[in-house]
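The structure presented is a predicted model; accordingly, all values stated were derived computationally and were not measured.
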Amino acid sequence: MAIAYNKRTCDCGTLRAADVGRQVILAGWVNNYRDHGDNLVFIDLRDRGGLTQCRFNVDTDPEATKLARTLRKEDCVAVRGEVIHRGENVNPKLPTGEIEVSIQEVEVLNKSLTPPFEVADHVEANEDLRLKYRFLDLRRGPMQRAIIMRHKVTQAFRTFYYNEGFLDVETPILTKSTPEGARDYLVPSRVWPGKFYALPQSPQLFKQLLMMSGFDRYMQIARCFRDEDLRADRQPDFTQVDLEMAFVDVDNVLDVVERSLAYVWKEAAGIEVPVPFRRMPYDEAMRDYGSDKPDLRYGMKLIDVTEVAGRSEFKVFRDAVERGGVVKAICLTGGGEMTRKETDGLTVEIQGVGAGGLPLCKVVSEGGKTILQTGIAKFFPEGLAGDLIAAMGAKPGDVIFFAAGRFGDVCKYLNWLRITLAERRKLVPAGKWEFLWVVDMPSFEWDEESKQWIFLHHPFTMPRDEDLPRMESDPGSVRAKCYDIVVNGVELGSGSIRIHNREVQSRLFRMLGISDEEAMAKFVHLLTALQYGAPPHGGLALGLDRIAMLLSGTDSIRDVIAFPKTQRAFCPLTECPSEVDAKQLRELGIDLAPEVKAKRKAAENEA
RNA sequence: GGGGCCGUAGCUCAAUUGGCUAGAGCAUCGGACUGUCGAUCCGAAGGUUGCGGGUUCGAGCCCCGUCGGCCUCGCCA
């Protein structure tokens with residue numbers, strides 16, 4: 001090799017004025033080139049560490065300068081030269097801006113085609129193009145920082161939990177399909193034609209088994225797979241910080257998890273987070289915020305105005321109340337300045353969420369009195385309007401938004417509205433981290449479709465001790481020993497204390513209309529293990545992608561995943577999923593459905 | 001599965017009410033330039049307006065279908 005690129009003296013972000021005079025070897029990519037004619041050429045060389053300006057002078061190094069002139073963006077090169085001070089020409093924008101390297105020798109390690117988009121910090125390209133050329137996208141500063149942030153988060157979690165005595169144990173990727181919950185990704189097997197493994201939705205059952213095995217503190221950075229529709233914060237394969245502890249109750253789990261989060265925020269991002277975190281019962285979260293993951297960085301609580309609204313002449317409200325529903329409202333301080341166009345726009349949008357409309361009225365001051373105006377104000381006679389204003393704590397200049405109907409629907413609409421208003425009107429304070437435990441969720445929920453009770457969490461979640469006697473008589477009142485950790489309106493993770501007693505587990509399955517035979521068929525390994533001295537245990541799983549996303553300041557987990565998939569679970573880089581050979585299918589004993597074949601043929605003919 | 005927004009040069013965008021040869025910035029290529037660092041200056045090249053159909057004298061624009069992307073509801077124990 002012309003230049004010993006395997007003996008780089010440092011990376012492109014480290015050289016300073018103190019290094020002037022040193023002979024250095026650098027390697028990296030051409031970030032930019034500036035050709036000043038016969039004598040002078042500049043190349044900005046970039047690697048993971050940063051940028052270093054390389055100077056080529058034809059008078060002193062004609063060969064190198066000649067070659068430098070042919071360099072283009074994203075060429076991979078190695079250079080050798082002397083660190084010199086820039087004198088009058090320091091660049092304060094660069095950490096290395098005091099120096100440059102006067103290049104004596106340059107070697108092109110590999111030319112680059114013209115990139116399909118500019119490899120620059122400020123990116124303009126569409127995300128799907130960036131995903132197709134992810135290896136180029138990942139060269140960009142913000143992406144490098146995001147991936148590095150993720151690494152720091154991972155490392156901090158490991159350090160913390162290892163220091164707390166947690167054992168890192170791997171669990172199978174090929175495992176058993178469980179039809180409950182999310183859809184499984186299935187894996188066929190040549191050795192077992194007609195049978196399938198499933199990729200784990202989480203290591204849930206295995207980590208419980210590890211507790212029964214006596215490894216009383218377990219953690220794993222675990223890949224999980226769910227074949228469901230995607231979102232900005234959901235990928236088909238994602239990563240959990242999975243943990244489980246034996247001989248614990250709720251407080252033990254919350255304590256160690258919140259300390260781990262505080263440690264990670266400090267270590268990875270330098271942010272101090274006070275512990276313990278606030279706790280809020282699920283009912284309170286739903287009542288005040290209409291959400292099981294409320295964002296506490298701003299106010300705009302939901303206020304129940306069912307009583308007042310029921311006395312109004314507005315038919316929508318009266319109907320809702322008569323049908324046993326609720327009317328709730330939020331007050332937007334200073335919202336009176338919103339234009340008709342803005343509120344009409346919100347109406348259309350909230351209809352997209354499912355609401356019939358967006359009733360509202362403005363609070364104004366007139367003749368020394370505070371009154372309601374516009375919108376549905378006319379349905380509130382003076383006295384009633386006063387009651388409403390008092391209930392809302394509204395002041396002149398505010399706007400009151402309403403939602404009426406079933407409790408769940410009202411929550412959905414006003415939660416959407418609260419979040420949307422906070423974002424649009426910039427009511428979200430920067431740099432604030434509002435951690436919150438949401439606890440005491442119901443164990444069961446009545447499902448209208450199947451006309452039976454279904455579990456809200458998973459079927460191994462322990463009900464609260466004092467609620468156990470009511471499991472059969474009043475299932476709706478049973479609260480679970482389960483907990484969600486939320487920060488700034490984002491659910492970071494959830495967990496529970498598990499059932500460690502076979503009798504309780506059987507009672508619970510019976511209650512849900514699942515026979516013992518059925519339960520055994522699905523969960524034989526767990527149910528059997530429960531009978532051999534299973535210890536009390538519980539745990540939690542944290543969404544690593546979301547944590548990395550929040551600490552990177554992005555709003556999509558795709559930004560902290562090196563090779564993510566699109567919303568339709570397609571990878572533009574590898575172009576997967578893809579078709580496979582007929583031979584592969586034959587070996588697996590699999591035939592495609594006729595309609596799938598027909599569709600494929602039609603697509604081929606078109607192409 | 002439902003709703004919304006979007007698709008024009010390699011990239012990001014523009015194109016008046018449906019009307020002349022579809023434009024601009026960046027990137028690319030050629031040339032100039034000794035201190036730039038988002039270099040600058042001069043010039044060139046670059047288009048199946050995602051795809052298919054329809055309406056029209058005339059479609060980037062209107063209509064229908066389809067493909068793809070993002071957001072969202074459902075879904076995600």
Side-chain angles (χ1 to χ4, degrees), chain A residues 31-45 51-59 65 72-74 84 86-94 96-97 100 113-133 136 178-184 201-202 204-205 224-236 238 345 348-355 409 412-413 415-416 419-420 441 443-445 447 449 454-461 480 482 491 494 496 512 514 522 543 555-556 558 565-568 570 572 602-603 606-607:
Chain A
N31 197 62
N32 202 2
Y33 61 94
R34 294 176 294 278
D35 187 339
H36 280 267
D38 283 346
N39 293 56
L40 193 62
V41 177
F42 295 107
I43 298 288
D44 294 332
L45 195 65
L51 281 182
T52 297
Q53 175 164 286
C54 300
R55 190 193 70 165
F56 299 80
N57 191 320
V58 78
D59 297 330
T65 309
R72 290 297 178 266
K73 290 179 181 183
E74 300 314 314
I84 60 174
R86 291 212 204 175
E88 296 297 304
N89 302 303
V90 300
N91 182 356
K93 291 183 200 163
L94 280 183
T96 60
E100 62 193 356
L113 296 174
T114 301
F117 55 86
E118 200 178 352
V119 179
D121 279 10
H122 175 72
V123 69
E124 286 188 327
N126 274 330
E127 194 177 9
D128 53 331
L129 188 75
R130 289 170 49 208
L131 292 184
K132 185 172 178 183
Y133 295 92
L136 292 178
T178 51
E180 282 78 17
R183 293 181 187 87
D184 284 325
Q201 295 173 26
S202 76
Q204 181 62 37
L205 296 179
C224 307
F225 307 87
R226 294 178 191 176
D227 188 2
E228 293 291 346
D229 288 351
L230 273 37
R231 287 280 198 289
D233 58 358
R234 289 190 219 155
Q235 281 276 302
F238 61 101
V348 172
E349 285 182 87
I350 206 167
Q351 283 169 338
V353 183
D409 292 333
K412 188 168 116 185
Y413 307 147
N415 175 46
W416 175 88
I419 293 170
T420 303
M441 290 80 146
S443 284
F444 313 108
E445 188 181 50
D447 182 45
E449 240 177 78
I454 56 173
F455 36 77
L456 220 60
H457 200 58
H458 60 62
F460 317 112
T461 301
C482 109
E491 186 192 314
S494 72
S496 63
L512 298 172
I514 298 171
K522 286 168 184 167
D555 49 18
S556 165
R558 293 188 296 270
K565 296 178 179 64
T566 70
Q567 195 165 43
R568 287 181 64 245
F570 177 75
E606 212 156 293

Original post:
When rounded to the nearest Å, what value does the distance between C1' atoms of B:A14 and B:G58 take?
Top reply: 22 Å
Original post:
Who passes side-chain contact (heavy atoms from CB on, under 4.5 Å) against A:L205, sequence neighbours left out?
Top reply: A:Q208, A:F460, A:F523, A:H525, A:L526
Original post:
Can you check the A:D184 CG to B:C75 P distance for me, whole Å?
Top reply: 18 Å
Original post:
From the list B:U36, B:C71, B:G69, which nucleotide is the closest neighbour of the side chain of A:N89?
Top reply: B:U36
Original post:
Ignoring hydrogens and angles, are the base of B:U72 and the side chain of A:E349 linked by a donor-acceptor pair under 3.5 Å?
Top reply: no
Subject >> Rounded distance (Å) that lies between atom C1' of B:G68 and atom NZ of A:K565 >> reply: 18 Å
**OP:** For the side chain of A:K412, starting at C-beta, report the closest nucleotide among B:U34, B:G38, B:G74.
**Re:** B:G74
Original post:
Quick one: OG1 on A:T114 to CD on A:E74, what's the gap to the nearest 0.5 Å?
Top reply: 10.5 Å
Original post:
Which base sits across from B:C70 as a Watson-Crick or G-U pair, both distances under 3.5 Å?
Top reply: B:G4
Original post:
Does a side-chain N or O from A:R568 land closer than 4.0 Å to OP1 or OP2 of B:G69, or not?
Top reply: yes
**OP:** With the side chain of A:Q567 defined as its heavy atoms from C-beta on, choose the nearest nucleotide among B:C71, B:G74, B:U36.
**Re:** B:C71
Original post:
When you compare B:C61 with B:C20, how far apart are their P atoms, in angstrom units rounded to a whole number?
Top reply: 14 Å
**OP:** For the side chain of A:R72, starting at C-beta, report the closest nucleotide among B:G35, B:G68, B:G30.
**Re:** B:G30
Original post:
Distance between the C1' atoms of B:A22 and B:A9, in whole angstroms?
Top reply: 10 Å
Original post:
Nearest-Å distance, CG (A:N39) to P (B:U34)?
Top reply: 6 Å
Subject >> Integer-rounded Å distance: B:C75 C1' and A:D233 CG >> reply: 13 Å
Original post:
Does A:K93 make a side-chain N or O approach to OP1 or OP2 of B:G38 shorter than 4.0 Å?
Top reply: yes
Original post:
With sugar-phosphate meaning primed atoms plus P, OP1 and OP2, does A:Q235 contact a base, only sugar-phosphate, or nothing at under 4.0 Å between heavy atoms?
Top reply: nothing
Original post:
Paired with B:A15: which nucleotide, if any, by Watson-Crick or G-U wobble criteria at under 3.5 Å for both distances?
Top reply: none
Original post:
Just checking A:A232: base, sugar-phosphate only, or nothing, at a heavy-atom cut-off of under 4.0 Å?
Top reply: sugar-phosphate
Subject >> Short side-chain to backbone donor-acceptor contact, A:Q235 and A:L230, under 3.5 Å >> reply: no
Subject >> Inter-nucleotide C1' distance (B:G47, B:U12), Å rounded >> reply: 16 Å
Subject >> Most 5' of A:W416 and A:V90 on RNA chain B, judged by nearest nucleotide >> reply: A:V90
**OP:** Could you check whether A:D227 gets within reach of a base, just the sugar-phosphate, or nothing at all, counting any heavy atom under 4.0 Å?
**Re:** nothing
Original post:
Could a donor-acceptor pair under 3.5 angstrom be found where the side chain of A:R226 meets the base of B:C76?
Top reply: no
Subject >> Heavy-atom pair of closest approach, residues A:D184 and A:T178 >> reply: OD2-N, 3.0 Å
Original post:
Rounding to a whole Å, what distance do you find between A:D447:CG and B:C75:P?
Top reply: 9 Å
**OP:** Starting at atom OH of A:Y33, determine the distance to atom P of B:U36, rounded to an integer number of angstrom.
**Re:** 19 Å
Original post:
Whole-Å distance between B:U36 C1' and A:E100 CD?
Top reply: 10 Å
Original post:
What interatomic distance, in whole Å, is found between P of B:C57 and the corresponding atom of B:C13?
Top reply: 36 Å
Original post:
Under 4.0 angstrom, heavy atoms only, what part of the nucleic acid is A:L456 near: base, sugar-phosphate, or nothing?
Top reply: sugar-phosphate
Original post:
Across all strands, who's sitting opposite B:U55 as a Watson-Crick or G-U wobble pair, both distances under 3.5 Å?
Top reply: none
Subject >> B:C11 and B:G50, which share atom name P, separated by this distance in whole Å >> reply: 13 Å
**OP:** State, yes or no, whether a side-chain contact exists between A:F455 and A:T461 at a heavy-atom distance under 4.5 Å.
**Re:** no
Subject >> Reported CG-to-SG distance for the pair A:D44 and A:C54, which is rounded to 0.5 angstrom >> reply: 8.0 Å
Original post:
What is the nucleic acid contact for A:D409, judged by heavy atoms within less than 4.0 Å: base, sugar-phosphate only, or nothing?
Top reply: nothing
**OP:** With P as the reference atom in both, quote the distance from B:G69 to B:U8 in angstrom, rounded to an integer.
**Re:** 15 Å
Original post:
Can you give one letter per nucleotide of nucleotides 5-11 of chain B, 5' to 3': B if a protein heavy atom sits under 4.0 Å from the base, S if only from the sugar-phosphate, - if neither?
Top reply: -----SS
Original post:
Does a side-chain heavy-atom distance below 4.5 Å link A:E100 with A:N89?
Top reply: no
Original post:
Under 3.5 Å, is there a donor-acceptor pair between the side chain of A:Q201 and the main chain of A:A182?
Top reply: yes
Original post:
Can you check whether A:L51's main-chain N or O pairs, donor with acceptor, with A:T96's side chain at less than 3.5 Å?
Top reply: yes
Original post:
Just by modelled atom types, is the A:D128 backbone N or O under 3.5 Å from a matching donor or acceptor in the A:N126 side chain?
Top reply: no
Original post:
Considering residues, nucleotides and ligands other than A:N39, do more than 12 of their heavy atoms fall under 6.0 Å from its CG?
Top reply: yes
Original post:
Which nucleotide sits closest to the side chain of A:T114: B:C37, B:G69, B:A27?
Top reply: B:A27
**OP:** Please tell me which of A:R558 and A:N91 maps to the more 5' nucleotide of RNA chain B, matching each residue to the nucleotide holding its nearest heavy atom.
**Re:** A:N91
Original post:
B:C42 and B:G25: how far apart are their P atoms, nearest whole angstrom?
Top reply: 11 Å
**OP:** Take atom CD of A:E127 and atom P of B:U12, then tell me their distance rounded to the nearest Å.
**Re:** 12 Å
Original post:
Are the side chain of A:R234 and the backbone N or O of A:D229 linked by a donor-acceptor pair below 3.5 Å?
Top reply: yes
Original post:
Can any side-chain N or O of A:R558 pair as donor or acceptor with the backbone N or O of A:T566 at less than 3.5 Å?
Top reply: no
For nucleotides 1-3 of chain B, give me every protein contact, N/O to N/O, under 3.5 Å, one pair per line with atom names.
unit_1	atom_1	unit_2	atom_2	d
B:G1	O6	A:D229	OD2	3.4

**OP:** Mind checking A:Y413 for me? I need base, sugar-phosphate or nothing, with any heavy atom below 4.0 Å counting as a touch.
**Re:** nothing
Original post:
Under a 3.5 Å cut-off for both distances, is B:A44 Watson-Crick or wobble paired, and to whom?
Top reply: B:U28
